[in-house]
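Notes to accompany the following structure.
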Amino acid sequence: MPDNGSGQGFQLLLNDLQASSASRFLASMLHEVRTPIQTVISTAELLQDTKLDDEQTEYVHQIEFSANALLELANDVLDFTKIGSDNFKFENIPFDVVELTERTVDLISIEAFNKGLEIITDTDPKIPKMIMGDPTRVQQVILNLVKNAVKFTSKGFVVVRISYHESYLLFEIIDSGIGVDVQKQKLIFNEFYQVDASTTRKFGGSGLGLAISKKLIEAMHGKIGIYSDGKMGSNFWFSLPMKKAEFGETSGEFTFTDEERVLVVDNSKLMRSSLLRKLASLGVRQITLASSGKEALSILQNAALKKKPFCLVLIDLFMPGIDGWHLAFEIKNNDLLRNLSLYLMVPEGQIGKEARMKLLNWFSGYIYKPVKHSELSSLLHKAFNKEKSVSETGNSVRQAAQSGSENIAKGKLILVAEDHPVNCRIICTFLERFGAKVLVAKNGEEAVEQIRNNPQTDLVFMDILMPVKSGIDATVEIRRMNFTGIIIACTANNEPEDFKTYKELGINDILLKPFKREDIKHVLEKWKTILSYPEAKEIITLTEVSNNASDCWNINDLLDTVDSNVELAESLMDDYIDQTQSILDKLKEECETGKNIDAIELYTHTLKGSSAAVSAFKLAQTGKLLNDAAKTADIVKVKALYTDFALDFQHLKTVVKNWKATL
Ligand code: ADP
């Protein structure tokens, strides 16, 4: 019998809750629970950067570990209850799936190397540069599976492979760990099922990871499963339908000649074949593989004697027999070989000061394992002094990707609009550490002013509840100024309905409060690629708006009315927008005094009629409700409906603007 611990009771509770409105209660409760946990985590992160002795550092680590475990559990349960509900929406934005996968694997690679595992990414060169989908959710699934692979493997390897098929991408996470018994393979995708509870005590885990992954993948129209014979490791796989983005094409990177020979020296066969594929995809034509230092020396010497020398050697640091340092020493002390350009392949984070000195003597540089496509590309660029045959935009993305994970916001101008001084400090501190130049605004009005003075701002973190002017009003105003940067709403509000409205008003993404450094980093990474492609920004705005366009305005109906006279339709909409804006201003004033009910009735009557006339049916409907409320002198109701109308009206303006841009 599997040991489910207290999970079983919790599962029953969860089943009940899912079926009832109490799931909303659970979601709110968990949301509240996250707030104090988050404060603990953020403070511990800041504390770690102060002067602490060893004992204090250890205590801070313990606080962090437990707080993170609690947060993970709360997030998992929250996710689990949400996925599949009507309000759970997937994004459909362009992203670089190879870069996303490599970045995700990076999050766990240090842990894997510390366990002595080889972790390898192996990606099919045919995968398009940019695909459409929900990068956050894809990343969540990859991370779940890679974390498990590392957790349940004590020696050997973890390979993350993506292969391209006509209509879908296949992701495989293969490990050499304990495997999963054939009988239990179906059960592990059930919530709270764990084959062995003792690993959970040691490494944490809620038993929800695979259940969440399954729900997510199926909701994205993919499939998920496992191959394992129960002894020799596992192969978890999932497939996703592939939708190629309509830009971001890269042509074949560099052009190499047959004289430009590259030798790869690594004892791991998986690593050798993954590097072979990566180098070939970057255009290298002559690639030779060696499985040991000894073999490498003999290959290099033979080639030199035959006057067909190598130009570049990629050397793994850790190899049995002759290791990377030793091999470099032999090469540099050999008259035939000493001019070779050597690069060391070293696990992320494992190159100390001393090693760097040593490195300078023998190597031209180093590259972190698992080797990323972008970093290998930049290594070749440096080693062979090559110019890329890629487009400008492609280049800038690569350069951004090369800047190292802690410098992810280097060169970006970011505005933080946040009235709470502690929150503001936390977010600014993190952003500065990520290399961004940061502007600050204490309220919505200051935010608008900052954008007016700095329209080149790349990204805005916009608090929603702010004095003087709310984040929503500031966003609407900023978008009206034709600001094309990314706006991220920072809010503790977890209502998907509100997210929809925010997005319609020009907000690109939500950063749920309370957040930690990783969340900010995640947001930056997600939007970094898009910031480099101006075409992508337009796609995002247009797709999001057009999804709901017909709800708010039926353009075909209006064109029918005006006998397909587009110019007339355009000028009618301009008039309608001006008139409605002015009525809304006057109505707001009247509502504040509440004295002139006749004027309120008249204004609401006009809103109802004119909206219907231009086929803005949703507004016409709210206008009718407003007018009904005015007729019964129900000012409280008028005020509530006024807000609804004003939000929908802002949305309509964006839709009309986008429509005009297509004419
Ligand atoms: P958790 O990892 O939090 O326990 P999951 O839902 O992710 O929960 O996994 C459920 C169970 O499936 C794990 O407890 C483990 O028994 C099994 N499992 C998942 N991945 C692997 C793997 N790569 N190798 C062996 N067992 C695994």
Side-chain angles (χ1 to χ4, degrees), residues 1-11 14-15 30 65-66 68-84 101 104-105 107-109 111-112 115-122 137-161 171-219 223-238 270:
M1 267 300 278
D3 183 349
N4 285 334
S6 59
Q8 227 162 28
F10 200 27
Q11 183 181 354
L14 200 65
N15 290 347
L30 287 167
F65 180 82
S66 302
N68 273 317
L70 263 177
L71 188 64
E72 204 175 305
L73 179 65
N75 284 343
D76 279 355
V77 176
L78 247 180
D79 254 1
F80 188 76
T81 52
K82 276 194 302 191
I83 306 167
T101 308
T104 311
V105 171
L107 297 173
I108 203 92
S109 66
E111 194 180 324
K115 283 182 84 174
L117 302 177
E118 185 84 72
I119 187 159
I120 296 161
T121 51
D122 193 9
R137 297 308 176 180
V138 174
Q139 177 172 45
Q140 188 177 355
V141 176
I142 300 174
L143 194 60
N144 270 339
L145 299 182
V146 179
K147 267 189 183 169
N148 277 348
V150 171
K151 181 156 86 176
F152 296 105
T153 305
S154 57
K155 68 170 195 284
F157 59 83
V158 171
V159 179
V160 181
R161 179 172 293 150
F171 296 72
E172 292 168 282
I173 291 83
I174 308 157
D175 66 57
S176 58
I178 58 172
V180 180
D181 196 281
V182 181
Q183 321 259 299
K184 295 186 174 147
Q185 287 178 13
K186 273 218 171 86
L187 298 172
I188 56 173
F189 289 94
N190 293 342
E191 53 271 26
F192 299 115
Y193 187 90
Q194 296 178 312
V195 177
D196 177 3
S198 64
T199 39
T200 310
R201 277 194 293 278
K202 199 157 143 204
F203 301 107
S206 61
L208 276 173
L210 289 178
I212 290 174
S213 302
K214 185 168 191 288
K215 273 195 169 194
L216 285 173
I217 293 298
E218 286 174 356
K223 292 197 173 109
I224 186 165
I226 172 182
Y227 301 117
S228 174
D229 61 5
K231 296 180 210 106
M232 302 274 291
S234 322
N235 178 343
F236 281 85
W237 60 268
F238 67 92
L270 289 163

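Every value quoted in this text rests on a predicted model; they were computed, and no experiment measured them. Numbering of ligands and ligand atoms starts at 1, following listing order.
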Should Phe189 be listed as contacting ligand 1, given a heavy-atom distance under 4.0 Å as the test?
no
Can you name the residues that form a side chain to side chain contact (heavy atoms under 4.5 Å, CB included) with Ile217, not counting sequence neighbours?
Val141, Met220, Ile224, Phe238, Leu240
Under a 4.0 Å heavy-atom limit, does Lys147 contact ligand 1 with its side chain, its backbone, both, or neither?
neither
For ligand 1, is any non-hydrogen atom under 4.0 Å from Val180's backbone (N, CA, C, O), its side chain (CB onward), both, or neither?
side chain
Does a side-chain N-to-carboxylate-O contact under 4.0 Å join Glu111 and Lys115?
no
All side chain to side chain contact (heavy atoms under 4.5 Å, CB included) counterparts of Lys223, not counting sequence neighbours
Trp237, Ser239
What do you reckon, does Leu210 have a nitrogen or oxygen under 3.5 Å from a nitrogen or oxygen of ligand 1?
yes
For ligand 1, which atoms, with element, lie under 4.0 Å from some heavy atom of Lys151?
1 (P), 2 (O), 3 (O)
Is it the case that ligand 1 has an N or O less than 3.5 angstrom from some N or O of Gly209?
yes
Looking at Lys215 and Phe80, would you say the former's side chain and the latter's main chain have a donor-acceptor pair under 3.5 Å?
yes
Looking at Ala149, which atoms of ligand 1 are within less than 4.0 Å of one of its heavy atoms?
23 (N)
Donor-acceptor pair, Asn144 side chain versus Lys147 backbone, under 3.5 Å?
no
Is there a donor-acceptor contact under 3.5 Å from the side chain of Asn235 to the main chain of Tyr227?
no
At under 4.0 Å between heavy atoms, is it the side chain or the backbone of Asn144 that contacts ligand 1, or both, or neither?
neither
